[in-house]
Amino acid sequence: MSYITKYIDKQKLKTSFIFTYFLGFLAHGFSFLNLQVSHDCLSEFTLSYSWKIRLGRYFKPIYDIFFGKYISLPWINGLITLFWLSLCAYLIVEIFNIQKRRYIAIVCGILCTNITVTTFNASFLHDVCADMFGIFITILSTYLWKLLFDANGNKQKVLLFIGISFLLCLSLGIYQSFITIYISLVLIISILKLTDIKKTISWKIVWKYDFIGAFACLCGGALYYAGLKLILAVTGFHLIDGNYNSLTNLTSNTEPFTNRLAITFAQFFDRFFSARGYVYSDFVPRIIFIMLGMLVLASIVTIVIQLIKKNTPWQNIVSAFLFLLLLPFAMNLLRMLNPTVHELMIYAYWFIYVLFLLIICRYLEIKPNKIIENITIILMCCFIWINIQTANALYAKKNMDQQATNSVMTRVVERIELLDGYIPGVTPVTFVGTPSTYLLESNDYSEVDTLFGAGNSSITYQEVFPNYMSLILKVNMNIIKNNYAYEQNYISEDDVEK
């Protein structure tokens with residue numbers, strides 16, 4: 001234990017925990033204190049682990065064995081979620097050697113209040129703890145990769161390499177999209193090392209360790225694939241095919257490569273320039289991003305001039321620009337592999353704000369300027385505040401949607417039970433559509449409605465009706481699927497149209 005603790009900066013660790021828990025509770029406290037079961041949470045109440053395994057997320061059941069599936073304990077969920085995010089923040093602070101408390105606070109805010117974490121808490125309460133753990137081990141793998149630069153001896157480097165590969169294998173087995181975090185952070189670290197003003201490092205060394213990092217990633221992927229094959233063979237399950245997040249999309253996707261490439265870049269920038277999903281007007285987060293971008297561009301020009309004055313090899317500068325151009329592609333790599341990308345898959349996006357902060361800080365090392373520093377801090381704080389407001393708005397909306405759904409479904413059940421000849425638990429019942437088609441949309445929450453899983457009802461698809469009836473309304477009802485109802489002529493196409 002002493003071997004581990006000697007590498008831990010206790011003050012930074014403490015600061016990371018304080019700011020993450022404080023800002024995390026500001027953003028997600030309502031969710032932690034109120035059980036809001038909707039969307040996939042309803043199906044995950046009783047869904048067997050076969051679903052996760054068939055999606056290729058076979059380490060999720062293992063995580064639940066050790067840490068428990070706290071779907072009905074939102075308070076515990078919140079504490080564990082913020083614990084993993086605090087460790088994430090600490091690792092980022094260590095990786096980039098961030099010293100000032102105000103910058104640590106900003107990093108904590110970016111990591112724990114972003115739209116991805118909010119979406120997890122709002123509609124995927126059953127997964128949030130495991131997925132935050134997945135983010136933590138992915139960042140930890142990046143931390144180990146950075147240690148390779150200073151590792152002494154081949155034995156230590158081999159151990160670090162094995163550790164990176166193993167952690168990435170675990171990360172893929174929890175949620176495959178988190179691999180983009182590792183790739184993005186490796187590129188950011190490489191950019192900063194290539195443009196270090198104080199200590200020039202050869203571009204050859206950076207490229208060498210980038211290739212080692214890429215190879216470790218491939219090894220992690222190979223381990224994950226071997227584990228997946230083994231699990232499928234032992235359980236007898238088959239991968240889900242035809243779903244928006246099926247692993248089989250890797251081979252079945254027929255979209256032209258050029259289209260994927262163009263959409264990958266366009267979708268990344270659209271997230272920041274269209275600024276969808278925030279409770280504020282699109283104009284506000286867009287202006288914050290543009291203003292930060294202008295400060296970053298000015299900082300880059302100053303840094304490049306300084307590097308030229310120091311006779312930094314041109315290969316360093318060219319390599320840094322190449323990695324910078326590749327960053328949007330790395331952060332949105334999932335779009336190259338899968339036709340659908342939603343808020344749960346874009347946690348890597350938010351590290352662009354961390355990079356902005358680090359580039360501006362590097363400029364301030366060259367030309368200290370209190371005004372620029374204060375403007376940067378204010379803009380970052382505004383972004384975090386918008387995230388906090390958006391999170392609370394989404395949770396408030398979810399709470400109202402839950403009440404509205406309960407009201408509608410209570411009346412529906414009453415009408416069903418008054419039908420002549422109806423026998424609870426015996427008479428087959430099928431539902432055409434969901435309450436979403438009946439309930440009014442709220443204009444006050446139209447922006448957060450666009451977030452994945454938001455909807456306007458707790459019931460967002462057919463498969464969750466049985467769990468809603470048995471777990472929420474405590475009603476014994478023999479619910480059958482629409483396709484079976486068609487086959488038995490219980491309903492017709494005309495009924496659906498009506």
Side-chain angles (χ1 to χ4, degrees), residues 4 7-9 12-13 16 20 59 84-98 104 107-108 110-112 114 116 131-151 156-194 196 201 205-221 223-224 320 323-324 326-334 345-359:
I4 298 174
Y7 290 105
I8 296 175
D9 187 323
K12 284 184 180 179
L13 182 64
S16 299
T20 301
F59 280 121
W84 295 128
L85 287 173
S86 297
L87 292 178
C88 289
Y90 170 71
L91 286 175
I92 293 298
V93 167
E94 282 290 282
I95 287 171
F96 297 112
N97 195 28
I98 299 172
I104 295 176
V107 169
C108 293
I110 293 169
L111 266 57
C112 77
N114 61 69
T116 299
D131 285 321
M132 296 306 108
F133 173 73
I135 292 172
F136 162 66
I137 59 176
T138 308
I139 296 176
L140 180 59
S141 68
T142 312
Y143 177 74
L144 295 184
W145 175 81
K146 187 172 183 285
L147 291 181
L148 278 174
F149 281 90
D150 303 315
Q156 191 175 12
K157 290 180 179 180
V158 169
L159 289 174
L160 287 171
F161 182 90
I162 293 172
I164 295 165
S165 300
F166 177 70
L167 289 173
L168 290 177
C169 173
L170 290 179
S171 174
L172 287 165
I174 291 176
Y175 198 18
Q176 297 90 343
S177 66
F178 294 152
I179 195 67
T180 58
I181 297 172
Y182 170 78
I183 299 170
S184 302
L185 286 175
V186 165
L187 286 176
I188 292 173
I189 294 167
S190 299
I191 291 168
L192 294 173
K193 282 191 173 292
L194 287 164
D196 196 334
I201 184 170
I205 294 176
V206 175
W207 276 94
K208 172 188 171 182
Y209 285 106
D210 283 341
F211 280 118
I212 292 173
F215 185 57
C217 187
L218 289 174
C219 290
L223 282 172
Y224 162 76
F323 292 152
L324 194 59
L326 287 175
L327 202 53
F329 174 79
M331 290 179 168
N332 199 29
L333 180 62
L334 264 291
M345 302 176 178
I346 62 170
Y347 194 87
Y349 278 32
W350 313 117
F351 285 103
I352 198 71
Y353 287 96
V354 176
L355 176 61
F356 281 3
L357 178 65
L358 295 169
I359 290 175

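All figures in this text were calculated on a predicted structure; none of them were measured in a lab. Each residue takes its place number in the sequence, starting with 1.
- Between T20 and A89, the shortest heavy-atom distance links the atoms OG1-CB, 3.9 Å.
- The ring pair (Phe, Tyr, Trp, His ring centres under 6.0 Å) search around F149 returns W145, Y209, not counting sequence neighbours.
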List the steps, then state whether side-chain contact (heavy atoms from CB on, under 4.5 Å) holds for L185 with V354. CA-CA 10 Å; L185 286 175; V354 176; over 6 Å; no
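- Residues satisfying the ring pair (Phe, Tyr, Trp, His ring centres under 6.0 Å) criterion with F136, sequence neighbours excluded, are W84.
- Under the side chain to side chain contact (heavy atoms under 4.5 Å, CB included) criterion, N97 pairs with K12, Q99, sequence neighbours left out.
- In this structure, the separation between CD on E94 and CD1 on I139 is 13.0 Å, given to the nearest 0.5 Å.
- Contact between T138 and S171 at its shortest, heavy atoms only, is OG1-OG, 2.6 Å.
- In this structure, CD1 on I162 lies 6.0 Å from CG on L159, to the nearest 0.5 angstrom.
- Residue L87 holds its CG atom at 7.0 Å from CG of L13, rounded to the nearest 0.5 Å.
- Annotation: side chain to side chain contact (heavy atoms under 4.5 Å, CB included) contacts of K208 (sequence neighbours excluded): I212.
- L194 and I201 get closest at one heavy-atom pair: N-CG2, 4.4 Å.
- For the pair D196 (side chain) and K193 (backbone), a donor-acceptor distance under 3.5 Å is absent.
- Pairing each heavy atom of V186 with each of T142, the nearest pair is N-CG2, 4.2 Å.
- No side-chain heavy atom of L111 sits under 4.5 Å from any side-chain heavy atom of I135.
- Under the rule for a side chain to side chain contact (heavy atoms under 4.5 Å, CB included), the partners of K146 that lie at least two apart in sequence or sit in another chain are I95, I189.
- Distance check, rounded to the nearest 0.5 Å: OH of Y347 to OH of Y175 gives 14.0 Å.
- Separation of atoms CD1 (I164) and CZ (F215) is listed at 12.0 Å; rounding is to 0.5 Å.
- Counting heavy atoms from C-beta outward, F96 and L357 have side chains that stay 4.5 Å or more apart.
- Not a single ring pair (Phe, Tyr, Trp, His ring centres under 6.0 Å) links Y143 to another residue, sequence neighbours left out.
- Between L144 and F161, every side-chain heavy-atom pair lies at or beyond the 4.5 Å cut-off.
- No side-chain heavy atom of F133 sits less than 4.5 Å from a side-chain heavy atom of L170.
- Considering all non-hydrogen atoms of both residues, S16 and V93 come closest at OG-CG2, 4.3 Å.
- Taking the side chain to side chain contact (heavy atoms under 4.5 Å, CB included) definition, one finds that F329 meets it with L261, T264, F265, L333, M336, sequence neighbours left out.
- Heavy-atom minimum distance, I98 versus I92: CD1-O, 4.5 Å.
- At distances below 3.5 Å, at least one donor-acceptor pair connects side-chain atoms of Y90 with backbone N or O atoms of D9.
- Between W350 atom CH2 and I110 atom CD1 the span is 10.5 Å, to the nearest 0.5 Å.
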Can I get a per-line list of side-chain donor-acceptor pairs under 3.5 Å for residues 176-184, giving both atom names and the distance, sequence neighbours left out?
{"residue": "Q176", "atom": "NE2", "partner": "L55", "partner atom": "O", "Å": "2.9"}
{"residue": "Q176", "atom": "NE2", "partner": "Y224", "partner atom": "OH", "Å": "3.1"}
{"residue": "T180", "atom": "OG1", "partner": "S177", "partner atom": "O", "Å": "2.8"}
{"residue": "Y182", "atom": "OH", "partner": "G213", "partner atom": "O", "Å": "2.9"}
{"residue": "S184", "atom": "OG", "partner": "T180", "partner atom": "O", "Å": "2.7"}

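- Applying the side-chain hydrogen bond (donor to acceptor under 3.5 Å, both in side chains) test to S86 and every residue at least two apart in sequence or in another chain returns nothing.
- In this structure, S141 has no side-chain hydrogen bond (donor to acceptor under 3.5 Å, both in side chains) partners at least two apart in sequence or on a different chain.
- Partners of N332 under the side-chain hydrogen bond (donor to acceptor under 3.5 Å, both in side chains) rule, at least two apart in sequence or in another chain, are Q267, Y349.
- Taking the side-chain hydrogen bond (donor to acceptor under 3.5 Å, both in side chains) definition, one finds that S190 meets it with D210, sequence neighbours left out.
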